[in-house]
Amino acid sequence: MENIYLPKLAEIKEIIQETNDTKTIRLAINGGSIDFLPGQFGEFSVIGEGESTFGFSSSPLRKEFFEFSFRTSGRATTGINGLNPGDKLSFRGPYGNYFDTVGMKGKNLVFVGGGIGMAPVKSILEYCFDERDDYGKITVLYGARTVNDLLYRNVFDDWKKYKNTEVVITVDPGGETPDWTGKVGFVPTILEQLPLKGENSIAVVCGPPIMIKFALKSLEEKMGFDKENIITTLENRMKCGLGKCGRCNVGSVYVCKDGPVFTARELESLPNDF
Amino acid sequence: MEDKKEKPVKSGGNNVSDPRIIAFVCNWCTYSGADLAGTSRMKYSDNVRVIKLPCSGRIDPLFIVEAFKKGAKGVLVSGCHPGDCHYISGNYHSRRKYAAFRDLLGFLGVDLNRLEFSWISASEGNKWVSVINEFTDKIKSLNDNSSDIFKK
Amino acid sequence: MEEKYFEILAEDLKKFVNSLISDNFNVIAPKDKDGDTFYGKIDKFDEANLDILLPKMSYKEYLLPKTETLFEYSVSGVDVDIKDGLGAVTGENKKRVIFGGRPCDAAAGPIMDKVFNWDYKDEFFNERFKNLTIISIACKKPDNYCFCTEMQLSPESSYGSDILLKKEDNKYFAAVVSEKGLELITPYLSLFKEITKAQIPADKDWKKVFEIEKTKGFLDKNFEHNYFQDRFLSCIGCGICTYTCPTCHCFDIQDEGNLKEGRRIRNWDSCQFAIFTLHTSGHNPRVTQGDRYRQRLMHKFKIYSEKFNKYLCVGCGRCSRNCPEDIDIKEVVKDLAGLI
Amino acid sequence: MANIDEKLQKIAKDLLESGEVSLVIGFAVGSNPQRMRPVFITKAEDANRLSFNHHAVQDLAVFLKKPEVKKFGKIGIVVKGCDEKALNALIQEYQVSRDNIKIIGVECNGVIRQNLADKGETAVSEASVYDKCLICNEHTPILYDYLVPSEDPKLNLSGNLKPYARIEELDSMSPEEKNSFWEKEFDKCIKCYACRQACPLCYCSRCIVEKNMPQWIDTNLEETGNAQWNLIRAYHLSGRCIGCGECERACPVNIPLMLINEKMARDVNNLFGYKSGLDINAKPVFGVFSESDFNEFIK
């Protein structure tokens, strides 16, 4: 008989300070990663401070660790923020559905991320890099409010090295520094300037609700993406991750079980309750 | 888990002969008074753990609840004498609060012998010593089995 | 299992229940307390109040306790020692019998069972459910707040019960509908007289006042309807409706203790609280009380039914009877059925 | 009765027609004849739904804290004497502006306990009304813009029934006995927070139990969490509670919350000579102090 609420303990391998309030934590269980798929999430916690839900941000094909990124804001994240490499973190998961990596094969891919919404995008993006030959052209567009709010700055250059890949980084107007060499402008605006076509392409979008709203609009109306080919992930408040506690249901789906990955077509049929 | 709870008890634990007492004190009067007692090499019961706050007006009843919740056997609240408040009226406000809060605790069945209030000025090192010693003796004399509503 | 039918005299029923108690069963029955009736453990048959229509609260807490310890932890250095809370539940070897509840309450068991087992298996719930034998008594006179008939049940439904009793004069007819029920009465069979189904009085023809499918039809299409905001202005956002409900099962998971030792627990929670869906960022998808009451309706009559083909409501009417502001869910559901 | 209803309806109709208010909160017949329910009238033609009788147990002042209701701006509200004290306290604490509110006071000679009413009780008597009605000095509201007189006979008090008698009983008990009494009561608590939500004076936008940094109150629904919650709720209302009894009425598990509230109201009156909700110009009792305040408990 199994207690589904019982966490495993994962050891912290490395902590990367991404911005002044966000960190990426690399974990290992028995010295390695766990089996998960891009898009899935887990329940992480410092025991004693309560659980919090985060999507995985690493590629599941990188077997030496798994990672997630968080912003310190509440009790659980403050607790996690106080940990050091070598400490144990409790972990349950993986939960939820995942990106259709098989259906993406042979297609051109567009990845659009905003702020900390880049975390789940990074997981699928790096997965595709790890299986680079399976996919067509890859375009990455990532934006944050200011230069200092950009996550994953240490891996941008790695991304650019892959063949047939374009990486565009942008910050909101006013958020640039004098030595900033990337773009300046809101993500949907920059998105429209990119030479993208909806045919044979799949877009993965994640970020703040307002960004998603306009990015979806640009992709559908300006670039001719089909709603089935735009994929995003939803974030609702969750507690159990197991489809029981009743917190995350929207319309007739449990985000933790039937999601968090949805196509724009599926989102359309959900009521405005998230 | 069960055996782990029975840790060796250091001074100021939760047993009858050595009860832990939490003292919430104001920075300006009582803390200085306690400090004076210390620098004058006066000896007093070592069961007390002092928590310094800017003013007795800052000592929220929640702090007292929290202390009891965490297993304190006695709570002392102490600040400047009436009229001496560093912030003019903080202790007057807290006096009102505590008169009512004490009644409420008593009505709900908390043994009021476990909750003590005092005014101790910066020059009253002696008073600090006697308040602590008397309070400790009182708590030791209480029946430790008397349960309270904060803990099982 | 093939249903079996028995007849038992009222005095023998008393003997039966008293024997259960002396044979170490935990018998839970409607019991008078402070001028109202609640489910509680009885020490003898006479403590049970079998005349009351429904106790004020459901017996949900025997399936999903108000607070459940999921595990206990103790930390030393970087080592964490975790003690599974499931042990305590399986340790409760003493079996429980719910005696004298109504068919609506009994129906809640299998309805909750679906949620707790549709995907991951919640063994806390299962362990409790397994050890619970339910003896219900059919209702003779539902009141105006009752609507089990509309909720695909009836005052004489045996759904979810292990044994359903029907009273007539000084005797009871007992329909034993599960193995669990049969197992429970087997040691006491001398008190029961086996009869055939034909000898049991037929169920009355309970009439429906409205069609719940119509309510669902309305909810399917009218998420943004003004009705919700206007009608629930009088909702004060307390959790009574959800906490007294036999089927509301939402919970919260919290850690309690310090960084050295403590426990992770799950507590009852309610979708009627603003904080239920409040994100740390401050964003709240359900801002008004209307939004929140709508969610309760949606969950009961649409979301659950689309997943499990049943409704998350047994029509017991407790939320209406207990609502301090007199919001009558039967009236609401009827309204919605009429709006389409 | 019908006469009262007509008067109420006329006042509400005039207020709405003249645009003096955009919402009238009142009572209407509820889900059965022995129940009244709150009703929100925004159109003059709906005013005929308003009604009042001795089943009107709710304290409608509670709705003034709801953001959805605040949006209406100027509001007319039907209040009994006890409910009106809640309005006074809200005005005192700057939660409601006197200018934004039209008080439609109704004289009340007691409301019937809801559990008795549900069992069919329809007559106002010493035995059928709430304890609060037996000690009520405000059968006529203190402050009002309109007053609708009662047609019920005055409540006849024999003096044999002692309201809140258990307070004295408890006062004479030892701490252990009091503790075990309250332990049993709080054990029933299911933390549905109906006591808080039904209270017109519990208006914090985020309650202390909903804060977790730090976690002052244990989240469990067992002895510790329940006791802490009930203690803090009572403390936050001491010196403020106006005795409408809504917390106790709403409580689905019948915890005698009014014993605590009434005890604190009496103590605050004894200690500081203050009764809440009587005067909109008075300062709240814990907002002020006197140099000669009770000092005996402090060493």
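The basis for the numbers below is simple: all heavy atoms, side chains too, and nothing from hydrogens, waters or symmetry mates. Residue numbers begin at 1 in each chain, while the letters A, B, ... track the order of the sequences.
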Nearest-0.5 Å distance that lies between atom [atom1] in [X] and atom [atom2] in [Y]:
X      : Y      : atom1 : atom2 : answer
A:R237 : C:R286 : CZ    : CZ    : 11.5 Å
C:K121 : A:M1   : NZ    : CE    : 14.0 Å
A:S45  : C:I253 : OG    : CD1   : 10.0 Å
C:D119 : A:L242 : CG    : CG    : 8.0 Å

Is [X] in contact with chain A via its backbone, its side chain, both, or neither, using a 4.5 Å heavy-atom distance?
X      : result
C:T280 : side chain
C:L70  : both
C:E127 : side chain
C:Y304 : neither
C:F251 : both

Give a yes or no on whether a salt bridge exists between [X] and [Y], defined as a side-chain N under 4.0 angstrom from a carboxylate O.
X      : Y      : value
C:D122 : A:K244 : no
C:K307 : A:D258 : yes
A:R247 : C:D252 : yes

Contact winner vs chain C - [options], heavy-atom pairs under 4.5 Å:
options                       : result
A:N249, A:I4, A:N236, A:V250  : A:N249
A:E2, A:R71, A:M238           : A:E2
A:L9, A:V253, A:N3            : A:N3
A:G246, A:S252, A:G251, A:G79 : A:S252

How about [X]: does its [atom1] atom have over 12 heavy atoms from other parts shown lying under 6.0 Å from it?
X      : atom1 : value
A:R145 : CZ    : no
C:K310 : NZ    : yes
A:K217 : NZ    : no
A:N30  : CG    : no
A:E235 : CD    : no

Measuring only between side-chain heavy atoms, which start at C-beta, is [X] closer than 4.5 Å to [Y]?
X      : Y      : result
C:Y120 : A:K257 : yes
A:K88  : C:D79  : yes
C:L86  : A:L6   : no

**C:F276 to A:C245 - nearest heavy-atom pair and separation** = CZ-O, 4.3 Å
**Complete:** Closest non-hydrogen atoms of A:G243 and C:W118, given as atom of the first, atom of the second and distance, are O-NE1, 2.9 Å
With respect to chain A, which residue among [options] yields the maximal number of heavy-atom pairs within a distance under 4.5 Å?
options                : answer
C:L278, C:N284, C:N126 : C:L278
C:S281, C:C250, C:G257 : C:C250
C:K302, C:Q254, C:H299 : C:H299
C:R266, C:H249, C:R294 : C:R266

Identify which part of [X] has an atom lying under 4.5 Å from any heavy atom of chain C, answering side chain, backbone, both or neither.
X      : value
A:E43  : neither
A:C240 : both
A:T77  : neither

**Prompt:** With distance as the sole criterion, is a donor-acceptor pair present between the side chains of A:Y5 and C:R264 under 3.5 Å?
**Reply:** no
